[in-house]
Structures are given as C-alpha cells and as structure tokens.
Amino acid sequence: MNNRFGISIFTLALASLTGCSSPDTVAPRSLPIHQNWTLQPGSTVGGYAVIGSLGDVSVELGGSAVHAPFDGRIEPLEGGDCVVFSTPEVPAYLFRLCGLSKPAVGDMQQGDKIGRGQMLQFAAMRKQPDGTWAIVEPGLDILERTVQQP
C-alpha cells in the first residue's frame with residue numbers, strides 16, 4: 001500500500017511539472033499600416049475610443065460571437081483594443097478585429113470562438129513589398145466565416 005501511495009505522489013508531481021503549465025502569454029503585435037491616417041483604432045476623439053477607421057467593415061453583432069475563419073493565431077494589437085488574426089491558409093493577409101470584449105489570444109482552430117461584441121470592426125490587410133500592410137476589401141466568404149457559427 002505504501003508503494004502505491006509513493007507512485008501516486010510521484011505521478012502527481014510529474015504531471016504538475018509537465019502537463020499543468022500556465023498558458024503562454026501572447027505579446028502584442030506591431031502592425032505598420034501602409035496608408036497613414038490620423039484616426040486609427042486606439043485613437044481617442046473627445047475622450048471616446050476609436051474602434052474603427054477608414055477601410056474597416058462594421059458588422060452589428062448584438063453580442064454574438066465571432067469565430068476563427070481558418071486555423072490560425074490571434075495576437076493582441078499594440079496600441080489598441082484590437083486583435084490580429086493570421087493564418088497559413090492566406091499567408092499574405094492579416095485580419096484586424098476590433099470591438100470584441102475579452103478576445104481570446106493564441107492558436108485557434110477553424111470555428112473556435114475569438115470573442116463577442118456589440119459591433120465588430122473588421123479590416124483585411126495585404127502585405128506590401130516594403131513590409132507594411134495595406135488595408136484591402138475583405139472577401140465576403142472570409143467575413144461570413146468569421147461572423148457565422150460553424
């Protein structure tokens with residue numbers, strides 16, 4: 001009986017060292033935009049936060065969830081309350097999502113819930129040869145995958 005107790009303590013100690021680690025934290029991502037506009041998400045106007053700017057598509061969610069359109073990764077965006085979704089499915093593009101409360105960060109599977117919000121500000125960006133990102137019109141299919149339940 002003492003041997004089983006010793007093995008159980010050893011198993012618990014080993015599990016705590018290997019399988020019960022805290023989730024990785026995701027550092028904010030810098031996202032240099034090719035177009036230079038004065039008002040960007042994260043700016044303030046009259047004491048109110050700007051959550052969208054030129055090039056964003058606004059979708060009234062009414063508290064509904066948004067989902068990962070592909071397998072990919074969510075990173076917080078520097079200087080604002082937005083996140084960036086990247087995926088190897090479309091490597092030359094990033095998707096900026098603003099207006100979500102407590103969005104998830106880290107690796108995502110297609111259909112995973114990113115977060116909820118009243119209003120989603122969605123921007124699609126294409127990588128430029130100089131390393132900056134230009135805001136482009138998002139594909140309807142990608143936006144639909146983001147706002148519809150899988």
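What's counted below: heavy atoms across the whole structure, side chains too, no hydrogens, waters or symmetry copies. For this chain, numbers begin at 1 and follow the sequence in order.
- Remark: Ile74 CD1 to Met108 CE distance equals 5.0 Å, nearest 0.5 Å.
- With values rounded to the nearest 0.5 angstrom, Ser86 atom OG is found 15.0 Å from Arg96 atom CZ.
- For the pair Leu143/Val57, a side-chain contact is recorded, criterion being any heavy-atom separation below 4.5 Å from C-beta on.
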Taking it one step at a time, do Phe95 and Thr146 satisfy side-chain contact (heavy atoms from CB on, under 4.5 Å)?
CA-CA 10 Å; Phe95 305 104; Thr146 304; over 6 Å; no
Begin from the C-alpha positions of Gln110 and Arg145 and carry the test side-chain contact (heavy atoms from CB on, under 4.5 Å) through to its verdict.
CA-CA 9 Å; Gln110 182 176 344; Arg145 284 180 178 208; 3.8 Å; yes
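- Heavy-atom minimum distance, Val83 versus Pro76: CG1-CA, 4.2 Å.
- Distance check, rounded to the nearest 0.5 Å: SG of Cys98 to CG of Leu77 gives 7.0 Å.
- Scanning all heavy atoms of the two residues, the minimum distance from Ile135 to Met125 falls at CG1-CG, 4.0 Å.
- Side-chain contact check for His67 versus Pro69: every heavy-atom pair is 4.5 Å or farther apart.
- A donor-acceptor contact shorter than 3.5 Å is absent between the side chain of Asp112 and the backbone of Ala68.
- Between the CG atom in Asp56 and the CG atom in Leu97 there is a gap of 9.5 Å [rounded to 0.5 Å].
- Residues meeting the ring-ring contact (aromatic ring centres under 6.0 Å, His included) test with Phe85, sequence neighbours left out: none.
- If you take OH on Tyr93 and OG1 on Thr87, they are separated by 13.5 Å, rounding to the nearest 0.5 Å.
- Here the straight-line distance linking atom CG of Asp107 with atom CD of Glu75 works out to 9.5 Å at 0.5 Å rounding.
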Tell me, with the steps shown, if Thr44 and Val50 meet side-chain contact (heavy atoms from CB on, under 4.5 Å).
CA-CA 6 Å; Thr44 58; Val50 173; 6.0 Å; no
Can you give the donor-acceptor pairs under 3.5 Å from side chains of residues 114-122 to other protein atoms, not counting sequence neighbours?
{"from": "Arg116", "atom 1": "NH1", "to": "Gly63", "atom 2": "O", "distance (Å)": "3.1"}
{"from": "Gln121", "atom 1": "OE1", "to": "Ser58", "atom 2": "OG", "distance (Å)": "2.8"}
{"from": "Gln121", "atom 1": "NE2", "to": "Ser58", "atom 2": "OG", "distance (Å)": "3.1"}

